[in-house]
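First the proteins, then the strands, lettered A, B, ... as listed; each starts at 1.
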Number of protein chains: 2
Amino acid sequence: MPHNIPTPTLNRLPIYYRRLLDAGEEGAAYVSSAELGRSAGVPPAQVRKDFSYLSQKGRPGVGYEVPALASHLEEFLGLVNAKEAVLAGVGNLGRALALYPGFPAYGLHIVVLFDNDPDKVGQEVGGRTIIPVGQMGDTVRRRKIRIGIITTPAAVAQEVADAMVEAGIKAIWNFAPQSLEVPGDVYVKNEDLAAELAVLSHHVNQMKIVPEEEPA
Amino acid sequence: MPHNIPTPTLNRLPIYYRRLLDAGEEGAAYVSSAELGRSAGVPPAQVRKDFSYLSQKGRPGVGYEVPALASHLEEFLGLVNAKEAVLAGVGNLGRALALYPGFPAYGLHIVVLFDNDPDKVGQEVGGRTIIPVGQMGDTVRRRKIRIGIITTPAAVAQEVADAMVEAGIKAIWNFAPQSLEVPGDVYVKNEDLAAELAVLSHHVNQMKIVPEEEPA
DNA sequence: TAGATTGTTAATCGATTAACAATC
DNA sequence: TAGATTGTTAATCGATTAACAATC
């Protein structure tokens with residue numbers, strides 16, 4: 001019944017998943033909502049509610065079966081078949097994401113890198129050759145890639161997004177400080193690092209006045 | 001009255017701020033809640049409500065004064081005095097953040113880089129020399145740094161966080177996929193890139209079944 | 001059985017949105 | 001004045017939490 005799952009729930013699922021993997025390695029057959037909740041910083045009732053959206057049942061008095069729940073989450077999150085993504089803008093941040101070790105662990109792979117800087121085109125990053133943005137359309141279409149990552153300067157982000165949408169990309173992870181205009185059937189997740197650090201800085205300033213608790 | 005500002009509001013403020021800077025450059029003296037709302041993807045009423053928490057008044061029929069509102073937000077977000085941060089773990093991601101051009105634009109500066117890899121200690125990144133983690137305490141205390149960024153492997157994240165807390169860090173931006181235990185007066189913002197990409201991947205999978213709209 | 005933990009309902013909490021009188 | 005846009009209240013929406021009977 002993956003129908004109308006709250007966004008906060010969705011964001012917690014990968015955290016539960018990670019905890020399940022760890023529990024599995026430790027040899028645990030069952031894990032309780034209390035334990036999963038601890039890993040995500042939420043109360044046990046929240047965990048049970050979250051799983052109720054997925055119709056995932058546990059055993060009263062015992063907990064949730066580790067392998068069964070893990071594989072259900074894998075399927076639900078779309079991690080069963082390796083997912084492929086394309087990345088545009090191979091600056092420092094783009095390079096870091098291209099080489100980030102956490103993605104393959106989730107079956108996620110950045111398979112193509114684009115950049116328009118002639119100095120960068122042709123370079124290799126983690127075994128992938130950087131190709132010019134103009135060739136993006138063909139490649140994305142041919143490989144049926146659906147996820148695009150934008151780590152370009154703000155000035156060209158919209159243009160890159162347009163090209164991605166045109167090529168069939170359906171979800172964009174946007175690291176450029178620039179809000180993107182896309183059709184309604186394309187999902188955009190903005191990751192504005194400077195804005196986030198600014199909020200952190202605000203928290204530090206306020207800390208003596210109003211003690212802040214960590215948001216979920 | 002910065003008393004009990006909702007987290008979503010707080011996260012929108014830097015977006016409004018950026019729009020105000022742009023509007024200022026375009027020579028606008030006033031900007032409407034409708035326009036600010038567009039930049040953040042929320043309705044005008046939301047913008048007005050957000051400012052009501054800050055007791056920021058606009059002029060009915062006209063809008064909000066660009067320079068006044070911008071400088072109020074600057075102060076509120078703690079961007080007036082340059083903010084300093086320390087970063088531990090100079091891998092690809094750490095390096096990218098250390099060189100990220102968006103931070104200085106907000107008056108935010110990563111002033112010290114730590115790593116325990118003997119090969120990295122002594123290297124320069126953007127004019128800053130990498131020093132060993134063992135020296136963190138003294139430096140953070142001496143410079144009264146309050147913000148710490150963790151881009152280490154998960155295995156050492158807790159240890160680094162402990163050292164940061166011990167040295168007086170009050171806000172931690174944690175990029176390691178590892179939940180941290182810290183005292184109640186320390187704010188932790190987790191940035192789990194793999195989890196976020198996993199959620200994105202899920203959206204792509206679901207897209208044909210349930211059309212998703214972009215969350216605020 | 002006794003103890004533990006679930007699933008779910010109802011209560012609570014908090015954020016968003018609509019609506020409109022007040023104001024420039 | 002007429003038109004535009006604010007500030008704020010009340011209604012709505014949605015997520016979290018408490019509580020407890022049901023179940024292993």
Base-paired stems in DNA chain C, each at least three Watson-Crick or G-U pairs under 3.5 Å = C:3-24 with D:3-24
The side chain of Tyr53(A) lies closest to which of these nucleotides: dT6(C), dT16(C), dT16(D)?
-> dT16(D)
Integer-rounded Å distance: dT5(D) P and Phe51(B) CZ | 16 Å
Identify the two heavy atoms, one from [X] and one from [Y], that lie closest to each other, and give their separation to 0.1 Å.
X: Arg143(B); Y: Val111(B); answer: NH2-CB, 4.0 Å
X: Leu69(A); Y: Gln56(A); answer: CD1-OE1, 3.5 Å
X: Ala88(A); Y: Met164(A); answer: CB-CE, 3.9 Å

Spatial distance of atom CD (Glu74(A)) from atom CG (Leu20(A)) [nearest 0.5 Å] = 10.0 Å
Straight-line distance of Tyr16(A) OH to Ser33(A) OG, nearest 0.5 Å | 9.0 Å
Along DNA chain D (nearest heavy atom to each residue), the more 5'-positioned of Lys57(B) and Asp50(A) = Lys57(B)
Would you call the rings of Tyr106(B) and Tyr17(B) parallel, tilted or perpendicular if under 30° counts as parallel and over 60° as perpendicular?
-> tilted
Looking for any heavy atom pair under 4.0 Å, which part of the strands does Glu35(B) touch: base, sugar-phosphate only, or nothing?
-> nothing
Using a 4.0 Å heavy-atom cut-off across all strands, classify Tyr64(A) as base, sugar-phosphate, or nothing.
-> sugar-phosphate
Just by distance, do the side chain of Gln158(B) and the backbone of Glu181(B) share a donor-acceptor pair under 3.5 Å?
-> yes
Please enumerate all protein N or O atoms sitting under 3.5 Å from an N or O of nucleotides 17-24 of chain C, with distances to 0.1 Å.
{"residue": "dA19(C)", "atom": "N6", "partner": "Arg48(B)", "partner atom": "NH2", "Å": "3.3"}
{"residue": "dC24(C)", "atom": "O3'", "partner": "Arg59(B)", "partner atom": "NE", "Å": "3.2"}
{"residue": "dC24(C)", "atom": "O3'", "partner": "Arg59(B)", "partner atom": "NH2", "Å": "2.6"}

Using a strict cut-off of less than 4.0 Å between a Lys/Arg side-chain nitrogen and an Asp/Glu carboxylate oxygen, indicate whether Arg19(B) and Glu26(B) qualify as a salt bridge.
-> yes
Would you indicate, yes or no, if dT6(C) has its OP1 or OP2 atom less than 4.0 angstrom from a side-chain nitrogen or oxygen of Ser33(A)?
-> yes
